[in-house]
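Notes to accompany the following structure.
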Amino acid sequence: MIKFSLSLIYSLILFLGIKSFVGEPKTTSFDPPELTITPFAGPDVTPSPACLAVAATGEVFVGVDMIGSLGKDPGKGRILKLVDKDNDGKMDQHVEFAMVDNPRGIIVQGDKVFVLHTTFSKETGKATGMALVVFEDKDGDGKADGPAKPLIENLSNTKYIQERGTDHATNGIRMGIDGWIYISVGDFGFHNAVDRSGKKLTMLGGGIVRVRPDGTEMEIFIHGTRNVYDVAIDPYMNVFTRENTNDGGGWNVRFSHFIQSGEYGYPVLFQHFTDEILPALVDVGGGSGTGALFMSEPTWPEKYNNVPMMADWGRSMLYIHRVTPDGPTFTQKEEEFIKLPQITDLDVDGSGRLYLSAWDGAGYSGSPSKGYVVRAVPNNWTYKAFPNVEKASVKQLAELLKSASAVARLAASQELINRSNKQATAAALKIASDKKLPLYARVAGIYTYAQAAGVDGIPALLAFTKEDAMREFALKTLADRKNHLQNVPTEPFLEGLKDPSPRVQAVAAIGLGRLGHVETATALLQTKVPASFVEPAKDVEGPHATPNPAIVQPHLAVQALINLKAVDATIAAINGENSTLALWALRYMHDQKAVNALIDAYQKSNDEKFKTQILTTLARLYKKEDAYDASWWWGTRPDSHGPYYKAVLWEGSPAIEKFLVGESEKKGASGKQFFADLDARNRMDITAFATEEKVAATEEPKVDLEKIKNQKGQVGKSSIEDVLLAINKLEGDAVKGKALFTRQGCIACHSISKGEKMKGPFMGQIGSIMNREQIAESILKPSASISQGFATVMISAKGDKTYMGFITEETAAKVVMRNIAGEVFTIKASDILSRKEMDSSMMPAGLANSLSYDELASLVTFLSQQKK
């Protein structure tokens, strides 16, 4: 299916067998009693809906994707405009708005429709990348007036889209009240993306990028995620996401609060260098996050309002995460909300109608007969027409900007900005200044004013920094646009670092990093580092999904110092009272001056703890991440040891090696282990520190799969349909099922516990992703749909060698492969001549043939109870 990816790795034995709905779209089986959920459009109109967006006035735009996440053939995607003329909850008219391939995100603002999609060459038929484009429909006929206008091009990794499809590429888009378009980037990353101004940007791995609606000022918002599909943005510009990571076993979902400039660590920091990252708010186990929305509409019940709503495709569930402020960040509580088979996206209009799209088992490459859209409204909801903002007066727009509806505020804000006149700008300023209004209205006012007034608005924004309630948002708007920064003074931000509010402190640090005045580094270097700044113990995974509000401010200060390139100021702080923050920041400053200063400080100090910190910093600086050219990707099961993925030496490396080796010799045998551990942790590969790697011998079970599959029991003599019917009626014995898991050869390719060596698809959380029928079907039909990351791979290598199996580990230097017999091969990356994914599963069909119905039911029951 779509990028979200294939994270459904829970696909038991390489297959995700979601039972699909056919014909008329169904309502959900988990309907909140306060809501009325009804079919809106079926697969005859909206098959394989990858994304959707709703105009404030109620028109629904659906991205139909018949390529899916693994398909590679163009000409199968389109944007449909659906209209409910009589507002009875069912589509009355649909129009093909535009043809695009792999639509991944849509925003509707007036007569403009922004679309993120994969681009293809007309000559070769091959993917050329991804682009954010804008269509216009000025004549109102429901169709785009002409070709799209590109805003950003090359917004993904062309090589891997061509090889794999759009599964880890770039996805959902959403606009905040600040007027930025926020773009969710998967860990394909991108190389030399270019915006309308000609600005180029490269990003290794996943994160969030943002751009202005005219396609300029493209910049990275946060970095260090795996497969973000969409973001939810609240009225105060808090950004939330439900995205998945490879946590060593299975594909776990993390719910996060994204703070501008933050580093979230995937894949190289989030396990063993967690002291350096901003952690997620929670790890909820297996799943696959997709569409997201912050619901803030007055027509909705208080119980379900002012909350981020997050779709999970793998769990077929729309979740609510109830967030509670916690310093500069939040804590959360997850709740199941609406069940929908393979839910992909959601959006709400100005009258409070929520629309949700379901992939409904359309497979990895789309289906012409599966997928639909439903509408959800509160009980006793009545339709109220949303005004045409283009025809509204400034007075009417001002009223909408004060509305309790986030949809109304955004529509009014964008229209006031488009007016580009003094009256509209003054109206926004008046709302921002009115202390009697709710904070959400004032915030909408200040963001609208900042965008409309531009540089001329700086004096008024500075005045807002004097008011406690508005200081956070005034500082945000002052530092928001880099082309205005030369006119913004640093004093309010320096004062903000000392503000009682941790949210103001955070915004001040971010702002100083953006303003670019290196003399402010001294103030940033005074930020205290909490006791929670502790690196994980050797070979222990750190707390990457546990809220830690105390780490936010020093983390942001370090990021600001890096942005300022404040090498000299940071060096000067090495011997100060807050040396811990300085040494933290220096880990990212690959500068010969930094190396020399660290060595000098070490030699002059008698403080053993301080000297150990310096050695740690130097070890980190020994290598750096290679420049990203998009010729490689770390795969679905990356080497996550860290601190770098594709590490290279630099001009400071020889001096660091000489110093570290010299100090180790001084320590003698007593210090040998310390330097060996330092070398291993940072993967310096310094010969003097090398120790003989002892590999524990593991006795793998020897299983004759051919013998197993050729035996004919009750299952082997029956049709799949009869087997599934029988299994549904049998409870099964989980204890017997556990024994069968070994006897039938499952353990040759699958692990149950995270403590085991990871092999093929992880079964330790399969029960939280699939029901008993889906598990049974995936055992019986393993090749029907091969799970992401576990396709059979054929590798040809030097020496006329050929290997076939699935990849269990991959680094920049080697590939580790496991075949169906459980044999493990390590292949040097430099020896690989060719690599090809096969169309069939490595797991042979028929492994359950020898079983009785009761035995298969027991195996299925055992697996269904695996919910770690």
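Sequential numbering from 1 along the given sequence is applied to the chain's residues.
Under the ring-ring contact (aromatic ring centres under 6.0 Å, His included) rule, His168 has a single partner from Trp633, Tyr229, Tyr160, which is Trp633. Shown are Tyr628, Tyr644, Tyr645; of these, the ring-ring contact (aromatic ring centres under 6.0 Å, His included) with Trp634 is made only by Tyr645.
When only modelled atom types and interatomic distance are considered, Asn252 and Arg226 share no side-chain donor-acceptor pair under 3.5 Å. Side-chain contact, Asp607 with Ser605: no donor N or O sits under 3.5 Å from an acceptor N or O. Between the side chains of Asp677 and Gln673, at least one donor N or O lies within less than 3.5 Å of an accepting N or O. Side-chain polar atoms of Glu276 and Tyr588 form a donor-acceptor pair below 3.5 angstrom.
Judged by distance alone, the side chain of Asn578 and the main-chain N or O of Leu525 form a donor-acceptor pair under 3.5 Å. Remark: side-chain polar atoms of Thr570 are not paired, donor with acceptor, to backbone N or O of Ala582 under 3.5 angstrom. Under the 3.5 Å distance criterion, the side-chain polar atoms of Asp195 are matched with a main-chain donor or acceptor of Glu217.
Within the structure, ring pair (Phe, Tyr, Trp, His ring centres under 6.0 Å) pairs that include any residue of residues 658-683 comprise Tyr602-Phe659, Phe675-Phe689 (at least two apart or interchain).
Between Val815 and Arg835 there is a side-chain heavy-atom pair separated by less than 4.5 Å. Between Leu204 and Trp632, the closest side-chain pair of non-hydrogen atoms falls below 4.5 Å.
Salt bridge Lys623/Asp685: present, at least one basic N to carboxylate O contact under 4.0 Å.
Taking the six-membered ring where the residue is Trp, the centroids of Phe221 and Tyr182 are separated by under 6.0 Å.
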